[in-house]
Amino acid sequence: MLIKLDESDLASCSYAISPMIETHLGLRLLSGIDPAGVLRPWVERHRPRLAELRHTDPHVNALIALFRKGGYNADFLLPPPVGPHGTFAEELAGLRATPPALARTEIGCTLDGHRRPSAETQRILDGPDVVDRLADAMEAVWRQLIEPEWSRLRAVLQRDIVQRAGRLAAYGWGAAVDQLHPRVTWAGGGITLGISDRDTYQVAGQGLMLVPTVFGELVVRHKPPQPFTIVYRARGVADTIGPPSPPRDDALGPLLGGGRASVLRALAAPATTSQLVAQLGLSLGTVSGHLSVLHGAGLVDRTRTGRSVTYAANDLGLSLLSART
């Protein structure tokens with residue numbers, strides 16, 4: 001797929017954080033549909049909770065029965081993001097608003113050519129209230145598995161957006177697309193996506209939405225009149241498995257103090273104060289104090305974008321991290 005853009009399309013590029021997408025893709029990881037990769041510790045920690053949920057709620061099993069790897073997946077289960085500050089409740093309302101006839105058609109396409117589900121699952125999928133039952137299952141997964149860690153997950157996603165939006169504004173499309181995904185490249189005034197769709201599309205008038213994710217890799221959606229949507233793996237996803245832990249031979253702790261050393265490690269990628277609070281589990285006052293000391297020592301830089309202040313380890317800070325960790 002080739003998505004044609006020019007510099008005039010910069011204004012039509014938007015960013016979104018989607019709790020529904022994280023719930024959907026997180027469940028795919030936990031159910032073994034997609035490989036866990038660097039998130040294996042998170043998956044192993046949550047799989048017992050998913051097993052319990054599947055035992056008590058058969059609708060979750062029906063939801064998982066509609067997941068496919070390398071095949072068609074029902075589109076209505078992944079409604080478009082509401083925007084940069086959309087809530088799970090808003091996105092869930094979009095799922096529940098799916099016309100039953102559309103849901104039945106997409107479920108049929110998903111199941112076509114695959115082994116028939118269990119009798120219990122098939123009864124749920126054939127039921128007149130299938131949309132609400134699958135929405136209930138998605139909500140249960142959100143409440144039990146994703147929402148308790150949402151502040152940390154959202155911090156990783158917000159940090160990626162701040163960094164990528166800054167690169168887009170300062171350097172244009174090529175810099176924004178750089179390292180988005182190995183199958184995504186920028187050349188000749190367009191974004192090339194290495195997927196099965198070989199057509200060329202023009203963004204003008206439709207817009208482009210970039211959606212970072214912790215749990216997925218690359219998802220492309222093109223359903224006019226909605227914007228082209230590219231879901232991509234955010235940077236720093238390993239942060240979701242817990243605060244950065246120092247190596248056994250780490251000398252930063254004794255040198256800077258454990259808290260300041262943790263903040264400096266986390267700033268290997270840019271972050272705001274609130275993002276660091278969510279990631280590290282420290283208080284706002286503690287993080288602010290550590291940032292003040294690190295900035296005063298010349299180890300981190302501070303950048304203001306609108307109302308947001310972003311911190312990042314500078315060359316001296318990164319050299320210290322590289323040399324001592």
Side-chain angles (χ1 to χ4, degrees), residues 18-37 39-81 88-150 153 195-196 213-221 223 231:
S18 172
M20 179 69 76
I21 286 177
E22 292 307 279
T23 303
H24 185 113
L25 296 179
L27 182 57
R28 287 179 64 95
L29 284 185
L30 290 171
S31 58
I33 302 298
D34 296 330
L39 291 179
R40 182 167 299 281
W42 182 89
V43 168
E44 292 176 349
R45 189 168 73 244
H46 286 74
R47 269 184 175 157
R49 298 172 65 186
L50 174 61
E52 181 179 352
L53 188 59
R54 296 184 70 169
H55 178 71
T56 58
D57 189 347
H59 302 102
V60 174
N61 292 322
L63 179 60
I64 292 173
L66 295 176
F67 289 164
R68 296 287 176 262
K69 184 176 181 62
Y72 175 76
N73 288 261
D75 288 329
F76 79 95
L77 292 175
L78 207 58
F88 181 83
E90 290 173 312
E91 295 185 325
L92 186 66
L95 193 160
R96 291 191 187 279
T98 304
L102 174 62
R104 283 192 288 270
T105 297
E106 294 188 356
I107 289 172
C109 291
T110 302
L111 296 177
D112 186 37
H114 293 275
R115 179 184 298 176
R116 187 178 179 85
S118 69
E120 183 177 36
T121 291
Q122 192 66 56
R123 281 195 299 271
I124 294 172
L125 297 179
D126 289 340
D129 58 352
V130 62
V131 173
D132 281 335
R133 299 292 73 80
L134 293 176
D136 290 345
M138 194 75 78
E139 184 173 16
V141 174
W142 160 257
R143 299 297 181 199
Q144 295 295 319
L145 302 175
I146 306 299
E147 187 180 28
E149 298 190 17
W150 181 238
L153 300 174
I195 60 178
S196 57
T213 175
V214 168
F215 298 122
E217 284 290 346
L218 179 65
V219 180
V220 181
R221 297 288 297 273
K223 294 178 71 67
V231 181

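From a predicted model like this one, the values you see are computed outputs, not experimental measurements.
Residues satisfying the side chain to side chain donor-acceptor pair (under 3.5 Å) criterion with Asp136, sequence neighbours excluded, are Arg96, Arg133. Every residue was checked against the side chain to side chain donor-acceptor pair (under 3.5 Å) condition with Glu120, not counting sequence neighbours, and none meets it. Shown here are the side chain to side chain contact (heavy atoms under 4.5 Å, CB included) partners of Glu217, two or more places apart in sequence or in another chain: His181, Arg233. By the salt bridge (charged side-chain N to carboxylate O under 4.0 Å, His left out) test, Arg47 pairs with no residue at all, sequence neighbours left out. Partners of Asp126 by side chain to side chain donor-acceptor pair (under 3.5 Å), not counting sequence neighbours, listed by chain and number: Gln122. For Pro79, the side chain to side chain contact (heavy atoms under 4.5 Å, CB included) criterion is met by Met20, Leu95, not counting sequence neighbours. Residues forming a side chain to side chain donor-acceptor pair (under 3.5 Å) with His24 (at least two apart in sequence, or on another chain): none. Looking at residues two or more places apart in sequence or on another chain, you find a side chain to side chain contact (heavy atoms under 4.5 Å, CB included) between Ile33 and Arg28, Ser31, Phe67, Lys69. Take Ala36 and apply the side chain to side chain contact (heavy atoms under 4.5 Å, CB included) test, not counting sequence neighbours, and it matches Arg40, Val43.
Leu134 contributes atom CG, which lies 9.5 Å from atom CG of Asp129 (distance to the nearest 0.5 angstrom). Of the inter-residue distances, the one linking Ile107 atom CD1 with Leu77 atom CG reads 7.0 Å to the nearest 0.5 angstrom. The CG atom of Leu25 sits 6.5 Å away from the CG atom of Leu78 when rounded to the nearest 0.5 Å. Atoms CE and CG, on Met138 and Leu92 in that order, are 8.5 Å from each other to the nearest 0.5 Å. Note: Leu30 CG to Arg45 CZ = 10.5 Å, rounded to the nearest 0.5 Å. To the nearest 0.5 angstrom, Arg116 atom CZ is 11.0 Å from Thr121 atom OG1.
Without hydrogens or angle criteria, Glu106 side chain to Phe76 main chain gives a donor-acceptor distance under 3.5 Å.
Proximity of Leu66 to Leu125: side-chain heavy atoms (C-beta onward) are separated by under 4.5 Å at one or more points. The shortest distance between side-chain heavy atoms of Trp42 and Val214 does not fall below 4.5 Å. Using a 4.5 Å cut-off on side-chain heavy atoms (C-beta onward), Asn61 and His55 make no contact. Using a 4.5 Å cut-off on side-chain heavy atoms (C-beta onward), Ile146 and Pro19 make no contact. No side-chain heavy atom of Val219 sits under 4.5 Å from any side-chain heavy atom of Ile21.
Closest approach of Ile124 to Ala62, counting heavy atoms only: CG2-CB, 3.9 Å. The two atoms that bring Pro100 and Val131 nearest to each other are CA-CG2, 4.4 Å, heavy atoms only.
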Would Thr23 and Leu27 count as a side-chain contact (heavy atoms from CB on, under 4.5 Å) here? Give the steps. CA-CA 6 Å; Thr23 303; Leu27 182 57; 5.7 Å; no
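Among pairs with a residue in residues 48-62, none fulfils salt bridge (charged side-chain N to carboxylate O under 4.0 Å, His left out), at least two apart in sequence or across chains. Listed by first and then second residue, the ring-ring contact (aromatic ring centres under 6.0 Å, His included) pairs that reach into residues 113-144 are Phe88-Trp142, Trp142-Trp150, sequence neighbours excluded.
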